[in-house]
Structures are given as C-alpha cells and as structure tokens.
Undergrad: 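Mind looking over this structure? Questions follow.
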Amino acid sequence: MLTKIDEGSPYGIATGPDGSLWFTLVHEGRVGRMMPGQKPVIHQLDPADGQPTVIVPGPDGAMWFAEGTGGRVSRITADGQVTSYEADSPYGIVAGPDGAMWFTQMQTGRIGRIGPGGERTEFEVPVEGGMPAFITAGPDDALWFTINQGNAIGRISLAGEVTVHPLPTEGAAPVGITLGPDGALWFVEIGAGQVGRIDTAGKITEYPLPDRVARPHAIVTGPDGALWFTEWAADRLGRITTDGTIQSHPLPTGLQPGDDGARKAEPHGLTVGPDGAIWVALEAGALARISIG
C-alpha cells in the first residue's frame, strides 16, 4: 500500500507514543503525523531550512528529530509545539537508558546529549573525519553508533567513554544501526552492500547482500524476529534473519514517473507501524506499507 505525501519528501519515520506515524519532510522543513488509514497532518517548521532527517520517540511523550543543516535538535509534541536546541550537524538521534536524548554530530565528530532538563554535553569520537551517523541504545546501558567515514562501529557509555570497533571490510561506510532481537547490534554498510552484526564483546560478522550495489541505508528490528532494512539504490526492502538468511521485497509502485519514464522511490527510514506492518519513508513523495503477517 502506498500513501502519497503531496506536501514533501519523506525521509525519517517512526511510530510515536500516541500510536501514530511521524515522519520528516527533509527538503521542505516539515514534520508529518499520520494515523494509518487517515489523512496526514503536516506541521511547518520555522525556520524551514533545517532539513529534518531522523525522527524518534523521546522518553517524554514527544518526538525528537535532527535538523542537520539548521544546526538544531528539535522536539515536537502531539499538537505540533516545537522546541529546539542548538547542535552542530546532528543526524542520528535516540532516547538513552538514562532518560536523555543522545545524537550524533556528523561534521564535528562528536556525540551529543540533551538531559531531561535541557542540559547539553558533548563527547569526542576519536576518529578524525569519522562522521558518526545513526545511533541506537544497546542492551548494555550504552549507546552504539556507526562511524560512516571512519569505517567502524562506536560504543559510548553513559559516562562518555568511547570505544571504536573497526570493520573488516574497507569502504563499508556503515549507516543505519539497531538493537537486534538476539541482543546484538545490527547495522548496514551502504558502501559495501552488506549487513553487519556486532555483539557487545566486539565480535563482528558481515553478510553480503545478493545485490552488492543496493546501498542499504536504515535498519530496524521487525515484529517477526528478523531485521528489516531499506535498499536505497534498488528501491527494495530487505529482510535478514539472525542466522543470516536474506530476502528482498519490492516496494509498492505508483509514483509519478519522471522525464525518463521511471521514478526512483528512494527509500530511507523505516519503522514498525502501530498496525504491525513495516512502514517506509520514500523521498520521492510517499509512505509505503508492507504487511509481514
């Protein structure tokens, strides 16, 4: 099923504590909220030049998102009230086990933290030009993140101590990362066309995709005990089990073709929806729903 979003270009998507889907419209400076089957409500950000990307639920009942170009980490309530905090080139963001919001700062190579009272802390990632990207909470009271240009996975404790785990594959360029159903961290390598797994002891396993140029981007744990990920260059959704079995699923068609008679869907973020389906943000202007039951 395809829900067209005429108001912009969906990039990040997440299910909120209010039981609705929240998504960012990256080029238009907007955030949308939609209950499956209903018309979306679009909130215009002011200023609108921030390029909102990753969006996640916070511990406070609101949604939090990164505005990389605008240099802000922002919070939006169910009724559209926005509060912003200054941050340098934020991208990935997640609620930590300490009740704070943790986020990556790609250009400065730091991890930022916003406490429940709004207090700010920053921690250096010891990889020059590393560009930390996505971040997720681990099973070990720490945060785990991808270091895109540093070709590594990082771990940061709640005290700010950073450990770096280099990847075996050169040029892997990891992006998305999530906690898997097996207690390990699973990530995608957009540069190498692989899915990776790292356990809390630092052991890394990599699984090559059948299509090595699919450019996997984001990854989540599905309700079926497998991992689901977007294949940006191939307009597909991938699924990998914890034993490494990989399948691909085409995305719904129906987007307006371009001048060449075709239009790429450009799948970026994905989430498990309130209806138990996988929802994917398509930058070409739609949300795709893939039933897995």
Side-chain angles (χ1 to χ4, degrees), residues 1-95 101-107 112 114 118 120 133-135 217-218 230 232 254-256 258 263-271 273-275 279-289:
M1 183 180 80
L2 201 65
T3 301
K4 293 184 180 179
I5 306 296
D6 296 329
E7 295 85 353
S9 311
Y11 186 97
I13 187 169
T15 295
D18 58 349
S20 61
L21 292 161
W22 287 80
F23 54 94
T24 56
L25 301 177
V26 61
H27 301 301
E28 297 75 24
R30 296 169 176 163
V31 172
R33 174 182 179 270
M34 187 183 80
M35 293 293 292
Q38 297 181 18
K39 186 177 179 180
V41 175
I42 306 297
H43 300 283
Q44 180 68 60
L45 302 176
D46 183 18
D49 61 354
Q51 293 199 338
T53 50
V54 179
I55 186 166
V56 295
D60 53 357
M63 301 298 291
W64 290 71
F65 56 96
E67 295 184 79
T69 301
R72 296 180 292 271
V73 167
S74 298
R75 172 188 185 273
I76 187 167
T77 61
D79 60 357
Q81 297 298 310
V82 177
T83 307
S84 296
Y85 300 85
E86 187 177 334
D88 194 319
S89 59
Y91 182 71
I93 185 167
V94 72
M101 297 303 297
W102 292 73
F103 56 95
T104 60
Q105 298 184 97
M106 292 189 78
Q107 300 304 321
I114 299 174
R120 283 283 313 278
F134 276 83
I135 187 169
H217 173 77
T230 49
W232 175 80
L255 295 169
Q256 185 69 31
R263 184 171 183 182
K264 292 185 70 63
E266 296 186 81
H268 286 291
L270 74 169
T271 191
D275 54 358
W279 285 81
V280 187
L282 309 182
E283 195 174 340
L287 304 180
R289 179 188 185 276

Undergrad: Does the distance from a Lys or Arg side-chain N to an Asp or Glu carboxylate O, for R33 and D79, drop under 4.0 Å?
TA: no

Undergrad: Going through the distances and angles, do V56 and M101 end up as a side-chain contact (heavy atoms from CB on, under 4.5 Å)?
TA: CA-CA 10 Å; V56 295; M101 297 303 297; 3.8 Å; yes

Undergrad: Report yes if the side chains of I114 and F103 come closer than 4.5 Å at any heavy-atom pair, otherwise no.
TA: yes

Undergrad: Test Q38 against S20 for side-chain contact (heavy atoms from CB on, under 4.5 Å), laying out the working first.
TA: CA-CA 10 Å; Q38 297 181 18; S20 61; over 6 Å; no

Undergrad: More than 12 non-hydrogen atoms from neighbouring residues, nucleotides or ligands closer than 6.0 Å to CD on Q44, yes or no?
TA: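 Buried by this count: over 12 neighbours within 6.0 Å.
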
Undergrad: Classify the ring geometry of Y91 against Y11: parallel below 30°, tilted from 30° to 60°, perpendicular beyond 60°.
TA: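 The arrangement is perpendicular - the two ring planes meet at more than 60°.
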
Undergrad: How close do A95 and P59 get, counting heavy atoms only, and between which atoms?
TA: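 Looking at all heavy atoms of both residues, the closest pair is CB-CD, 4.0 Å.
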
Undergrad: How many angstroms lie between atom CD1 of I55 and atom OG1 of T15, to the nearest 0.5 angstrom?
TA: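 Spacing of CD1 (I55) from OG1 (T15) equals 10.5 Å.
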
Undergrad: Output the distance between atom CH2 (W64) and atom OG1 (T83), rounded to the nearest 0.5 Å.
TA: 7.5 Å

Undergrad: Where do L2 and A288 come nearest, in terms of heavy atoms and distance?
TA: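 Closest approach of L2 to A288, heavy atoms only: CD1-CB, 4.0 Å.
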
Undergrad: Any side-chain heavy atom of Q51 within less than 4.5 Å of one from E67?
TA: no

Undergrad: Measure the spacing between CD1 of I5 and CE of M34 and express it to the nearest 0.5 Å.
TA: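 Going from CD1 on I5 over to CE on M34, the span is 6.0 Å.
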
Undergrad: At their closest point, which heavy atom of A265 faces which heavy atom of L282, and how far apart are they?
TA: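 That closest heavy-atom pairing would be O-CB, 3.4 Å.
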
Undergrad: Do the ring planes of H217 and F134 sit parallel (below 30°), tilted (30 to 60°) or perpendicular (above 60°)?
TA: perpendicular

Undergrad: Please report the closest heavy-atom contact between P267 and V280, naming both atoms and the distance.
TA: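 P267 and V280 have their closest heavy atoms at CB-CG1, 3.8 Å.
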
Undergrad: Could you state the interatomic distance from OG1 (T24) to CZ (R30), rounded to the nearest 0.5 Å?
TA: 13.0 Å

Undergrad: Which atom names give the shortest non-hydrogen contact between P52 and G29, and what distance separates them?
TA: CD-CA, 3.9 Å

Undergrad: Which is it for S89 and Q107 under the side-chain hydrogen bond (donor to acceptor under 3.5 Å, both in side chains) test, yes or no, and what are the steps along the way?
TA: CA-CA 6 Å; S89 59; Q107 300 304 321; 5.3 Å; no

Undergrad: Do the side chains of M63 and V31 get nearer than 4.5 Å, heavy atoms only?
TA: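 A side-chain contact is absent here, since even the closest heavy-atom pair is not under 4.5 Å.
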
Undergrad: Could you grab the distance from atom CG of L45 to atom CZ of R72, nearest 0.5 Å is fine?
TA: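 Result: 7.5 Å between the selected atoms.
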
Undergrad: Using the side-chain contact (heavy atoms from CB on, under 4.5 Å) rule, take F65 and I93 through it: C-alpha gap first, then chi angles, then the decisive distance, then the call.
TA: CA-CA 7 Å; F65 56 96; I93 185 167; 5.7 Å; no

Undergrad: For side-chain contact (heavy atoms from CB on, under 4.5 Å), just list the numbers for H268 and V26, CA-CA rounded to whole Å, side-chain angles, deciding distance to a tenth of an Å, and then say yes or no.
TA: CA-CA 11 Å; H268 286 291; V26 61; over 6 Å; no

Undergrad: With a 4.5 Å heavy-atom cut-off, do S9 and L25 have their side chains touching?
TA: no

Undergrad: Taking the side chain as C-beta and beyond, is there a heavy-atom pair between L21 and P274 under 4.5 Å?
TA: yes

Undergrad: Looking at every non-hydrogen atom in both residues, tell me the closest pair between T271 and A14 and how far apart they are.
TA: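 Closest approach of T271 to A14, heavy atoms only: OG1-CA, 3.6 Å.
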
Undergrad: What distance separates T230 OG1 from I13 CD1, expressed to the nearest 0.5 Å?
TA: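 Result: 11.5 Å between the selected atoms.
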
